[in-house]
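Input: a single structure, listed below in structure tokens.
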Amino acid sequence: MLHAKPTQTAMHPPASVSLHQLAHARAGDKGERLNVALFAYDPDDYTTLLEQVTEERVLALFAHRGASRVRRYPLPNLAGMNFVIDDVLQGGVNGALNLDGHGKTLSFLLLSMEVHAS
């Protein structure tokens, strides 16, 4: 009887890690719009980031803050990408009643996203 040999993936499934283990981020804000740039520490991880850190996943991550749209701009020569997230700052830095709810603190929310490292 023949038995299938387990594949490498079946033997060692990809590990789930927080995005901050593969990348770092910089953020800024203007009014209701958040701008987050994400850069892979290792350029070899850039493809993983492109595959998994999608506009849809980022929008879902920020949905609780009222985000209405996310646009991603790949930066392949820098092994990075830039996200523009609309309506996420709850009135903007000067208009929000919450404490320090602006862009720089929200980059850490993106870095908490779970991805599968290869």
Side-chain angles (χ1 to χ4, degrees):
M1 174 161 37
L2 292 175
H3 293 283
K5 202 173 183 183
T7 64
Q8 184 67 20
T9 303
M11 292 169 48
H12 301 286
S16 181
V17 299
S18 292
L19 186 54
H20 73 84
Q21 292 181 276
L22 301 178
H24 60 98
R26 295 285 299 175
D29 47 62
K30 192 67 155 179
E32 281 283 354
R33 184 170 285 155
L34 172 63
N35 186 50
V36 182
L38 182 71
F39 299 97
Y41 291 124
D42 183 342
D44 291 339
D45 291 327
Y46 181 60
T47 302
T48 299
L49 298 182
L50 279 177
E51 291 170 354
Q52 296 183 48
V53 187
T54 63
E55 291 175 345
E56 295 78 17
R57 287 193 71 201
V58 172
L59 183 59
L61 186 66
F62 286 92
H64 72 284
R65 295 191 53 87
S68 63
R69 182 169 92 168
V70 173
R71 288 167 306 216
R72 181 179 78 172
Y73 299 94
L75 305 166
N77 292 335
L78 300 174
M81 58 191 75
N82 187 54
F83 291 94
V84 177
I85 308 168
D86 290 337
D87 303 314
V88 71
L89 296 174
Q90 300 176 336
V93 174
N94 295 325
L97 296 176
N98 54 350
L99 180 62
D100 204 28
H102 56 283
K104 290 171 184 29
T105 61
L106 293 175
S107 64
F108 291 101
L109 178 58
L110 179 61
L111 291 173
S112 72
M113 178 186 286
E114 291 289 314
V115 294
H116 296 289
S118 39

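These numbers were taken from a predicted model, which means no experiment stands behind them.
- Note on Val53 and Val84: separate hydrophobic clusters, where clusters join Ile, Leu, Val, Met, Phe, Trp and Tyr whose side-chain heavy atoms are under 4.5 Å apart, directly or indirectly.
- When side chains are defined from C-beta on, Leu19 counts as touching Leu49, because their heavy atoms get closer than 4.5 Å.
- Between Leu38 and Leu111 the shortest heavy-atom distance is CD1-CD2, 3.7 Å.
- Between Ser107 and Ala25 the shortest heavy-atom distance is CB-CB, 4.0 Å.
- Val115 is listed as a side-chain neighbour of Val17, based on a closest heavy-atom distance under 4.5 Å.
- Shown here for Pro74 and Leu50, the closest heavy-atom pair between the two residues is CB-CD2, 4.2 Å.
- Of the possible donor and acceptor atoms, none in the side chain of Arg72 sits under 3.5 Å from a partner among the backbone N and O of Glu55.
- At a threshold of 4.5 Å between non-hydrogen side-chain atoms, the residues Leu89 and Leu106 count as touching.
- With sequence neighbours left out, the salt bridge (charged side-chain N to carboxylate O under 4.0 Å, His left out) criterion links Asp86 to Arg33, Arg69, Arg71.
- Closest approach of Met113 to Gln52, counting heavy atoms only: SD-O, 4.4 Å.
- Taking each heavy atom of Ser68 and Leu59 in turn, the nearest pair found is C-CD1, 4.0 Å.
- Residue Thr54 holds its OG1 atom at 10.5 Å from CG of Leu61, rounded to the nearest 0.5 Å.
- Annotation: ring-ring contact (aromatic ring centres under 6.0 Å, His included) contacts involving residues 21-62, sequence neighbours excluded, comprise His24-Phe39, His24-Tyr41.
- In plain terms, the two heavy atoms of Leu110 and Val58 that are nearest each other are CD1-CG2, 3.8 Å.
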